[in-house]
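Remember, predicted model here, so these are calculated numbers, not experimental data.
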Amino acid sequence: MEYVIRDIQNWDWVTLVLVGVLVILAVTRHFYPRRFFEFLMLPVTDKYFMLQGKGYEIKHPFNVLLFGVQVLSFSLFFFLFFHITQPDTTAENKWLFVQLLAGFALFVLAKYYLEKIIAHIFNIEGVINSYLYEKLSYASLISILALLGNVVFFFTYKPSKTVLLVFSSVLALLFLISLISSFKRNWQLILRHFFYFILYLCALEIAPYVILYKLWV
């Protein structure tokens, strides 16, 4: 009789993270029921932005809670990607998820505040504030899809690298569609500051991801 060694992973901490995300969503739904419903309806209607969006700062508790969901969901997905594509790295680095969590949060926050500073310098705060709010809102919505993917991939179906790449491509495509939708919604405002907006787009939307790709490769 031939014995086969089974690789048993302890995902208790993953369960705690996922439960934590669900608790955050439940708290958000409890304290802001109408706004949460409009937020979930973003793929169907932009009523969320028309009624609530432009009057709220990103520091509003609703946005802070959703940012927490975004950071936890995407960081967990990045960890899963490392686990599947580079299992040795995951096994050797017990703090990889924490590092990914901190790195992702710092990247998003640093990019956000740098964008705010550049917008102030270029005197295009109106268009950039609206764009940033919509972009972060869409990212939070997409992070809920990433959350569902995490649940399936960790506990139901063990994905291959190809499956994760396809799922990542879907998330990236949805984010691109959301950006295009935001551009269309603010097109008249963008046209009035078109030159500065293109500079902003190249410097703070395209360049950071190109740099990350170069560092990754």
Task: Check against side-chain contact (heavy atoms from CB on, under 4.5 Å), Glu38 and Arg34 - done: CA-CA 6 Å; Glu38 292 170 355; Arg34 182 185 174 191; 3.1 Å; yes
Open item on the list: Set out, in order, the CA-CA distance, both residues' side-chain angles and the distance that settles side-chain contact (heavy atoms from CB on, under 4.5 Å) for Phe62 and Phe39, then state yes or no.
Closed with: CA-CA 10 Å; Phe62 182 86; Phe39 166 74; 4.1 Å; yes
Open item on the list: Does Ser169 form a side-chain contact (heavy atoms from CB on, under 4.5 Å) with Val166? I'd like the steps, not just the answer.
Closed with: CA-CA 5 Å; Ser169 299; Val166 170; 5.6 Å; no
Task: Audit row: Leu66, Leu136, side-chain contact (heavy atoms from CB on, under 4.5 Å) steps and yes/no - done: CA-CA 9 Å; Leu66 288 183; Leu136 291 176; over 6 Å; no
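Here the straight-line distance linking atom CG of Leu101 with atom CG of Leu76 works out to 9.5 Å at 0.5 Å rounding. Atom OH of Tyr113 sits about 10.0 Å away from atom CD1 of Ile117, to the nearest 0.5 Å. We find the CG-CG distance between Leu22 and Leu147 to be 5.5 Å, quoted to the nearest 0.5 Å. Taking CZ of Phe154 as the start and OG1 of Thr15 as the end, the distance is 9.5 Å to the nearest 0.5 Å. Put simply, CG on Leu174 and CD1 on Ile142 are 5.5 Å apart, with the number rounded to the nearest 0.5 Å. In this structure, NZ on Lys161 lies 6.0 Å from CZ on Phe81, to the nearest 0.5 angstrom.
For the pair Val69 and Ser140, the minimum side-chain heavy-atom distance is 4.5 Å or more. Between Ile24 and Leu72, the closest side-chain pair of non-hydrogen atoms falls below 4.5 Å. Side-chain atoms of Phe67 and Val108, non-hydrogen and from C-beta on, do get closer than 4.5 Å to each other. No side-chain heavy atom of Asn93 sits under 4.5 Å from any side-chain heavy atom of Phe82. Annotation: side chain of Pro43 is in contact with side chain of Leu141 (closest heavy-atom distance under 4.5 Å). Residues Lys111 and Leu114 form no side-chain contact, since every pair of their non-hydrogen atoms from C-beta on lies 4.5 Å or further apart. Counting heavy atoms from C-beta on, the side chains of Leu100 and Phe104 never come closer than 4.5 Å.
Heavy-atom contacts from other residues, nucleotides or ligands closer than 6.0 Å to CZ of Phe155 number more than 12.
For Tyr32 and His60, the ring centers sit closer than 6.0 Å to each other. Ring centroid separation for the pair Phe167 and Phe153 comes in under the 6.0 Å cut-off. For Phe175 and Tyr138, the ring centers are positioned 6.0 Å apart or more.
Note on Ile177 and Met41: separate hydrophobic clusters, where clusters join Ile, Leu, Val, Met, Phe, Trp and Tyr whose side-chain heavy atoms are under 4.5 Å apart, directly or indirectly. Put simply, Val44 and Ile180 are part of two different groups of oily side chains (I, L, V, M, F, W, Y) that touch within less than 4.5 Å, one to the next. Residues Leu109 and Leu132 share a single hydrophobic cluster, defined by chaining ILVMFWY side chains whose heavy atoms lie under 4.5 Å apart. There is a path of hydrophobic side-chain contacts, each under 4.5 Å, that joins Ile144 to Val19. Residues Val151 and Val170 are members of one and the same hydrophobic cluster, defined by side-chain heavy-atom contacts under 4.5 angstrom among Ile, Leu, Val, Met, Phe, Trp and Tyr.
Residue Glu134 forms a side chain to side chain donor-acceptor pair (under 3.5 Å) with just one option from Ser178, Ser181, Ser182, and that option is Ser182.
A parallel orientation is assigned to the rings of Phe79 and His83, their planes being inclined by less than 30° (bins at 30° and 60°).
Between Pro159 and Val163 the shortest heavy-atom distance is CB-CG1, 3.9 Å. Closest approach of Tyr48 to Ser137, counting heavy atoms only: CE2-OG, 3.7 Å.
Using a distance-only test at 3.5 Å, with no hydrogens or angles considered, no donor-acceptor pair links the side chain of Asn150 to the main chain of Leu18.
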